[in-house]
Amino acid sequence: MLIAGNWKMYKTATETAEFCRELREALGEVEDVDVAVCPPFTGLAPAVQALADTEIAVAAQNVHWEPDGAYTGEISAPMLVDLGVYGAIVGHSERRQYFGETDEAVGRRAAAALDAGLSVIACVGELEEERERGETEDVLRRQLAPLGAHDNLVVAYEPVWAIGTGKTATPDLAQEAHAFVKSLLDVPVLYGGSVKPENAAELLGQPDVDGALVGGASLEVDSFVAICRAGIR
Ligand code: PGA
């Protein structure tokens with residue numbers, strides 16, 4: 001079970017350090033639940049430092065496919081490894097929607113990160129109109145195609161219509177999509193999209209839901225800790 005907090009473009013480096021200190025106090029024992037926070041790039045070093053002697057992992061929200069080069073504004077896997085970062089999210093729907101991220105680029109980012117020894121959370125998920133047109137499985141098949149199974153790869157199924165909208169997929173719908181993802185790629189699958197303390201236990205109780213990628217509710221220590229505790233089986 002993995003509960004990862006995707007902070008998106010929230011929290012300065014100073015706020016990150018403060019949050020991580022509070023989190024380590026508040027979390028306590030969460031047996032069998034791996035916990036990760038994914039701050040913006042500027043918060044990675046302070047997060048690694050504040051969580052140094054804990055089990056809480058720190059991951060980035062994106063990573064480039066080249067180890068270095070003329071790629072203004074990008075950050076490479078070796079740079080993350082050097083900071084003590086454990087992994088990276090790739091292919092978040094906000095990157096796909098607002099920054100032109102393609103399936104092929106997501107595959108390259110994932111492969112480079114895995115090769116460098118990072119863990120990867122690769123995000124997939126359909127738009128509302130794609131679900132309405134009955135295209136969910138086609139979309140997932142297309143998005144998963146550039147990814148290959150790997151011990152350090154986890155997929156996050158995040159239906160785009162459920163992200164930041166308060167509209168959560170029903171546990172049955174999430175289970176169905178997760179089982180489909182696993183039929184194509186044998187890796188753990190996290191659910192993401194308006195996960196909150198109130199719905200976490202039911203979603204995490206589904207047989208093919210192996211954790212959660214939490215956005216909004218990961219920005220407060222109390223709600224994030226409550227979701228981590230909901231993952232204890
Ligand atoms: P949300 O975001 O929990 O705020 O819906 C999830 C995500 O985008 O990873």
Side-chain angles (χ1 to χ4, degrees), residues 1-11 15-16 19 23 33-41 43-44 47 56-63 85-101 106 109-110 113 119-128 130-131 136 139-140 143-144 147 153-171 173-174 177-178 181 187-204 206 209-231:
M1 180 71 65
L2 168 64
I3 309 293
N6 171 19
W7 294 1
K8 313 193 178 191
M9 199 172 69
Y10 291 98
K11 295 193 194 293
E15 289 162 347
T16 298
F19 180 99
L23 177 63
V33 180
D34 295 323
V35 176
V37 292
C38 312
F41 287 121
L44 291 172
I56 305 169
V58 178
Q61 297 174 15
N62 194 14
V63 57
V85 166
Y86 117 105
I89 297 172
V90 298
H92 190 278
S93 65
E94 286 149 16
R95 303 244 22 118
R96 295 176 188 265
Q97 273 185 295
Y98 308 137
F99 301 98
E101 191 81 83
V106 173
R109 291 181 195 276
S119 289
V120 167
I121 301 174
C123 303
V124 298
E126 79 286 1
L127 302 170
E128 186 151 40
E130 290 168 336
R131 175 159 286 273
T136 299
V139 171
L140 296 178
Q143 293 177 336
L144 290 166
L147 302 168
L153 175 68
V154 169
V155 164
Y157 169 63
E158 301 203 304
V160 179
W161 45 270
I163 295 179
T165 57
K167 279 195 222 172
T168 319
T170 62
L173 187 150
H178 283 223
V181 169
V187 295
V189 182
L190 314 182
Y191 171 76
S194 300
V195 176
K196 303 184 269 279
E198 302 78 53
N199 59 24
E202 210 185 349
L203 285 160
L204 295 171
Q206 299 303 307
V209 176
D210 304 306
L213 184 56
V214 186
S218 73
L219 294 170
E220 300 291 334
V221 170
D222 289 354
S223 50
F224 188 55
V225 165
I227 293 168
C228 294
R229 298 232 167 94

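Both counts, for ligands and for their atoms, begin at 1 and track the order of listing. As a basis for the values below, the full set of heavy atoms in this structure was taken, side chains included, without hydrogen atoms, waters or symmetry mates. Note that this is a predicted model, so its numbers are computed, not measured.
- Legend: residues meeting side chain to side chain donor-acceptor pair (under 3.5 Å) with Trp7, ordered by chain and number and at least two apart, are absent.
- Scanning for side chain to side chain donor-acceptor pair (under 3.5 Å) contacts around Gln97 gives an empty result, with sequence neighbours left out.
- Not a single ring-ring contact (aromatic ring centres under 6.0 Å, His included) links His92 to another residue, sequence neighbours left out.
- Within a 6.0 Å radius of OH in Tyr10, other residues, nucleotides and ligands contribute 12 heavy atoms or fewer.
- Without hydrogens or angle criteria, Thr16 side chain to Ala47 main chain gives no donor-acceptor distance under 3.5 Å.
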Between ligand 1 and the protein, which N/O pairs are shorter than 3.5 Å?
unit_1, atom_1, unit_2, atom_2, d
ligand 1, 2 (O), Lys8, NZ, 3.3
ligand 1, 3 (O), Ser194, N, 3.4
ligand 1, 3 (O), Gly215, N, 2.9
ligand 1, 4 (O), Gly216, N, 2.8
ligand 1, 5 (O), Gly164, N, 2.6
ligand 1, 5 (O), Ser194, N, 2.7
ligand 1, 8 (O), Lys8, NZ, 2.7
ligand 1, 8 (O), His92, NE2, 2.7
ligand 1, 9 (O), Asn6, ND2, 3.4
ligand 1, 9 (O), His92, NE2, 3.3
ligand 1, 9 (O), Glu158, OE1, 3.3
ligand 1, 9 (O), Glu158, OE2, 2.7

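- Counting only heavy atoms from C-beta outward, the side chains of Asn6 and Ile89 approach each other to under 4.5 Å.
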